[in-house]
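Written below as structure tokens is the structure these notes are about.
Protein chains get the first letters and strands the later ones, always in sequence-line order, with residue 1 at the start of each.
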2 protein chains.
Amino acid sequence: MPLPSSTVENYLKTIYKAQAAQRDHGRLVPMGHLAQALNVVPGTATTMVKALAESGLVHYEPYAGVRLTPAGEKLAALVLRRHRLIELFLVKVLGMSWAEVHDEAERLEHAASDKLIDRIDNMLGRPATDPHGDPIPDSSGSMVVRDYQTLLTCPLGTPVVLTRVTDQDAAFLRFLEGNSLKPGQKLRIEARDDAADQVVVRGKRDAKITIGMRAAAKLQVAPAEPEG
Amino acid sequence: MPLPSSTVENYLKTIYKAQAAQRDHGRLVPMGHLAQALNVVPGTATTMVKALAESGLVHYEPYAGVRLTPAGEKLAALVLRRHRLIELFLVKVLGMSWAEVHDEAERLEHAASDKLIDRIDNMLGRPATDPHGDPIPDSSGSMVVRDYQTLLTCPLGTPVVLTRVTDQDAAFLRFLEGNSLKPGQKLRIEARDDAADQVVVRGKRDAKITIGMRAAAKLQVAPAEPEG
DNA sequence: GCCCGGGTTTTGAGTGGTCAAAAAACAAAG
DNA sequence: CTTTGTTTTTTGACCACTCAAAACCCGGGC
């Protein structure tokens, strides 16, 4: 049981996220999808996944796909935990922009010890979510998954709070930041227009922001709490 | 010119430190020494060093040893910079013990971006030395090397300040910490006894501390400044 | 039922880093 | 100058990870 290389960690993390993305939790992730997400050629993914299956971290069905075993799931969750705590730390403590912390965390997550991660967790007050609103697993690998609406599915007119952004692309995040679209921000959907592919929202100081529907689908919201 | 792998960085760093340890700056580091320091078999070091020579980072003379080229020296200094800034950061900001930061920094130094390192440097106020008193190279790779006395060579009786500890072993550092022997601490050498292999110093609140001569040689000191 | 195309697996090869063990070079001493 | 012992280099092999390209499987359409 050698401790997993950063390659292994990346495979597990990617499978985990792919599994989470397809709402059915038990469905298999197709090899092609995995290979693409990892930026490797399909054959490489096959080889690697077979090795992961060998060590009991994934369940692999030839020509069908792959799914994490409980062991793999736990490992993946801990990688995600490291990643998200590091991201939050870089933003909160070092003052980095949320648009640039992803790549940094992508490398640091494989180098940080549990001890360090725990100190960070503690210093940040055991936070529940990272700067993008993604939930942070606890040190045992479990986390609360909440099901949010998106700007595409939530009701018009009623006030909502932006809770999560499901895309880490730096340019996209910079765009959001420029429009004060960060988790915690109160919003109201003004209009949706399928034909024009646009969603109009009122944000900070009632500023009007128009975004495309593909982008809107990446913004998750919750009903706004009544004013405190 | 692919960016150096962490293996390459470790080779360069190790050669750099070995070169610094033997006061003659231009002398070659023997392969055996390098291999031992890197915890690899000698043949491995030979192979790797030939590759480094190929890419112009070291000067290699068969059966004689290696020395860094200017390019290699700069790279090594930047690795050292990352390492030491990270160590200081872990101590100052995250409150970790100076005995445990070395291993952590050993891994993080290969994952941290220049941008992150610069933020850390800035947050710490562009410090000159790390928690062990080792000088921190600036972002161009140059640093001020000061030549200190050690507890073995400094004059008896006169007050001195502990400035640098040249051993990163965790157990040794914990021992020092337990006796308040950290850089900045004022000391006075009470006695040295070659036969008994011991050096007696007065430290914090005049506490008497006796240490062996091999240990004493690892503690560097400077003449104490007159009281401010 | 057969074929076709897209996804998947195999195969063969390459890279970076490593070891074990045999071979070669060197230094130092007789 | 030769012998001995230590250090260094070479050789052949291996592991983890990767790719390119050929071979393969499988679900749909006809």
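- Scored by the salt bridge (charged side-chain N to carboxylate O under 4.0 Å, His left out) test, A:K115 finds B:E100 as partners (sequence neighbours excluded).
- Counting to the nearest Å, the C1' atom of C:dA25 and the CE atom of B:M31 are 15 Å from each other.
- Evaluation of the ring pair (Phe, Tyr, Trp, His ring centres under 6.0 Å) test over residues 105-150 of chain A, restricted to residues two or more places apart or in two chains, returns A:W98-A:H132.
- For the side chain to side chain contact (heavy atoms under 4.5 Å, CB included) test, residues two or more places apart in sequence or in another chain that qualify with A:L75 are A:P4, A:L12, A:L57.
- Between the P atom of C:dT10 and the OH atom of A:Y63 lies a distance of 6 Å, rounded to the nearest Å.
- In summary, contact between chain B and DNA chain D, defined as any nucleotide atom under 4.0 Å from a heavy atom of the protein, begins and ends at D:dT8 to D:dT10 in the 5' to 3' direction.
- Scanning for side chain to side chain contact (heavy atoms under 4.5 Å, CB included) contacts around A:N122 gives A:R126, with sequence neighbours left out.
- Checked against side chain to side chain contact (heavy atoms under 4.5 Å, CB included), A:K74 has the following partners two or more places apart in sequence or in another chain: A:L78.
- Going from atom NZ of B:K50 over to atom P of C:dT15 covers 17 Å, rounded to whole Å.
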Can you name the atoms? Protein N/O to nucleotides 17-23 of chain C N/O, anything below 3.5 Å, with the distance.
from   : atom 1 : to    : atom 2 : distance (Å)
C:dG17 : OP1    : B:S5  : OG     : 2.5
C:dT18 : OP2    : B:Y11 : OH     : 3.3
C:dC19 : OP2    : B:V41 : N      : 3.0
C:dC19 : OP2    : B:T44 : OG1    : 2.8

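- Residues A:S142 and A:D138 have side chains that bring a donor and an acceptor to within less than 3.5 angstrom of each other.
- Residues meeting the side chain to side chain contact (heavy atoms under 4.5 Å, CB included) test with B:A216, sequence neighbours left out: B:L151, B:L152, B:V199, B:I211.
- Legend: ring pair (Phe, Tyr, Trp, His ring centres under 6.0 Å) pairs involving residues 42-79 of chain A, not counting sequence neighbours: none detected.
- Between the CG atom of B:L28 and the P atom of C:dC26 there is a distance of 14 Å, given to the nearest Å.
- Every residue two or more places apart in sequence or in another chain that forms a ring pair (Phe, Tyr, Trp, His ring centres under 6.0 Å) with B:H102 is listed here: B:H83.
- Taking the C1' atoms of five terminal pairs at each end of the helix from C:dG1-D:dC30 to C:dG30-D:dC1, the two resulting helix axes are inclined by 20°, rounded to 10°.
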Run the side-chain donor-acceptor check on residues 39-50 of chain A: report pairs under 3.5 Å with partners two or more places apart or on a different chain.
from  : atom 1 : to    : atom 2 : distance (Å)
A:T46 : OG1    : A:P42 : O      : 3.3
A:T47 : OG1    : A:G43 : O      : 2.9

